[in-house]
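Naming: A, B, ... by sequence-line order, numbering from 1 per chain.
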Number of protein chains: 2
Amino acid sequence: MLSDQIARMIEQMLDERGGSLELQRNELAQSLGCVPSQISYVITSRFTPERGYLIESRRGGGGHIRIVRKKMHRDEYLMHFFYAIGKRLEDREARAYLVNLLDNDVITEREAVIITNAASDAALGSIAPEGRAIVRADIFKRILLSLMQ
Amino acid sequence: MLSDQIARMIEQMLDERGGSLELQRNELAQSLGCVPSQISYVITSRFTPERGYLIESRRGGGGHIRIVRKKMHRDEYLMHFFYAIGKRLEDREARAYLVNLLDNDVITEREAVIITNAASDAALGSIAPEGRAIVRADIFKRILLSLMQ
DNA sequence: TGACTTTGACTTTCCCTGACTTTCATTTTA
DNA sequence: TAAAATGAAAGTCAGGGAAAGTCAAAGTCA
């Protein structure tokens, strides 16, 4: 399959370059004889943050796509919480999680403060009350993922 | 890329002169072999207030462009940003702010990562796209406030 | 059948240029 | 000497080109 081939190629380039690389979408597509958006598809479907990759890009002349492989020595703590959080997360629960993470030196106090505020009802005030717990859960998961490196 | 080169050159001059400088657009363009409006483009796209620069200029004979890199202290910085953020905050703007806060040692890299993720479109995925910038602005302001203490 | 792939048309972003406009200081003119 | 002309800057804007992003439709495979 084309996608697999592209993914393998990118993996190999990452290996050669110690985990990060910059590529040009059109160029790579050209050399593989595929359509440029195929490259986009592979990157968005395979090189996701969940699987430990960071993507950034720039459009326009001389643009590029940058892929970085995060060294995921999986912190089981974070994983544990990640999977423990369901579709919704109430303010109270969130605070409990943070205390736990703080107690276990997974985050600093300042970081806890930041996260508390980011996910506070106050910050999410423009969202309908029923929706807040959902957004809060998403924010939390996103942060936990970002801390797993 | 020409723009990057020009931006680097200006940054370097700023470093050498302790954070502020006066340049002549035509002269600089000449020495770089580019069109004068290219300099304007770089200045308006890269040396924005969001990134902590002040621009003033004068036309006519002996005119010039003055660039000042604002050096503020922690709380001033936070205050400045707090007031700069309006009702909405786009992803792109948010990142620019964070880079600035990071560069000025107001936040750590990990904190920047946390905030980036907390306010990412991905984390706010359950909100309608038009609403995200509003929530993002709220989250940011909340976090900035929490850091001023 | 349903999830994943592939494609291509269209959109957005960014860079770069050049023509034209505005502003300011200096010089010339009435 | 006041007003007008001149010239030297910077500002603006539209347009073209290059690259990546998006999305829906069609195709494939388990």
Side-chain angles (χ1 to χ4, degrees), chain A residues 1-11 13 20-51 53-68, chain B residues 1-11 13 20-51 53-68 88-96 99 120-122 124-125 128-130 132-133:
Chain A
M1 208 172 323
L2 228 189
S3 290
D4 291 342
Q5 187 190 334
I6 296 171
R8 269 198 307 279
M9 177 166 293
I10 292 176
E11 282 294 356
M13 287 193 283
S20 78
L21 77 88
E22 227 165 71
L23 59 83
Q24 298 217 245
R25 192 181 76 152
N26 288 354
E27 193 192 307
L28 182 57
Q30 177 94 44
S31 80
L32 285 163
C34 72
V35 128
S37 57
Q38 181 73 33
I39 308 292
S40 301
Y41 170 68
V42 172
I43 288 175
T44 56
S45 65
R46 310 271 218 285
F47 295 83
T48 63
E50 282 83 355
R51 300 189 193 186
Y53 299 90
L54 293 177
I55 306 298
E56 52 190 76
S57 67
R58 206 158 127 187
R59 304 187 185 185
H64 63 261
I65 300 176
R66 190 143 193 286
I67 305 178
V68 181
Chain B
M1 214 166 324
L2 228 189
S3 292
D4 291 343
Q5 188 190 331
I6 296 171
R8 270 199 306 278
M9 178 167 292
I10 292 176
E11 281 294 355
M13 287 193 283
S20 78
L21 77 88
E22 230 165 66
L23 59 83
Q24 298 217 245
R25 192 181 77 151
N26 287 354
E27 192 192 308
L28 182 57
Q30 178 91 46
S31 82
L32 284 162
C34 71
V35 128
S37 57
Q38 181 73 34
I39 308 294
S40 301
Y41 170 68
V42 171
I43 289 174
T44 56
S45 64
R46 309 271 220 285
F47 295 83
T48 63
E50 268 161 36
R51 302 190 192 187
Y53 299 90
L54 291 178
I55 305 299
E56 50 190 79
S57 67
R58 211 158 121 190
R59 305 186 184 186
H64 62 261
I65 300 175
R66 192 144 193 283
I67 305 178
V68 181
R88 305 174 49 85
L89 181 65
E90 305 303 328
D91 208 37
R92 173 184 317 281
E93 296 174 89
R95 282 168 202 280
V99 168
S120 67
D121 272 339
L124 305 180
E130 322 82 66
R132 286 177 201 158

### Task
Find the partner of C:dT13: check Watson-Crick (N1-N3 plus N6-O4 or O6-N4) and G-U wobble (N1-O2, O6-N3) distances, both under 3.5 Å, and reply none if neither fits.
D:dA18

Which of these nucleotides, [options], is closest to any side-chain atom of [X]?
X     : options                : value
A:S3  : D:dA10, C:dC14, C:dT6  : C:dT6
A:R59 : C:dT6, D:dA10, D:dG21  : D:dG21
B:R46 : C:dC15, C:dC14, C:dC16 : C:dC15

Are any of [X]'s side-chain N or O atoms less than 4.0 Å away from OP1 or OP2 of [N]?
X     : N      : answer
B:R58 : C:dA25 : yes
B:Y41 : C:dC15 : yes
A:N26 : D:dA18 : no
B:S57 : D:dA10 : no

Rounded distance in Å - [atom1] ([X]) to [atom2] ([N]):
X     : N      : atom1 : atom2 : answer
A:E22 : D:dA19 : CD    : P     : 14 Å
A:L23 : D:dA19 : CG    : C1'   : 12 Å
B:I65 : D:dA8  : CD1   : P     : 18 Å
A:E27 : D:dA20 : CD    : P     : 9 Å
B:M1  : D:dA18 : CE    : C1'   : 10 Å
A:L32 : C:dT6  : CG    : P     : 11 Å
B:D4  : D:dA19 : CG    : C1'   : 14 Å
B:I39 : C:dT17 : CD1   : C1'   : 13 Å

### Query
Between A:I6 and B:R92, which is nearer to the 5' end of DNA chain C once each is assigned its nearest nucleotide?
A:I6

Select base, sugar-phosphate, or nothing to describe what [X] touches, counting heavy atoms under 4.0 Å on all strands.
X     : result
B:S37 : base
A:R66 : nothing
A:G63 : sugar-phosphate

Taking all atoms of both residues into account, what is the closest heavy-atom pair of [X] and [Y], and its distance?
X      : Y     : value
B:E11  : B:F47 : OE2-CE2, 3.8 Å
B:D121 : B:D91 : N-OD1, 4.2 Å
A:Q24  : A:G62 : NE2-C, 4.3 Å

### Task
Scan side-chain atoms only and decide if B:S57 and B:R66 contain a donor-acceptor pair under the 3.5 Å cut-off.
no

### Query
Salt-bridged, B:E93 to B:R95, with N to O below 4.0 Å?
no

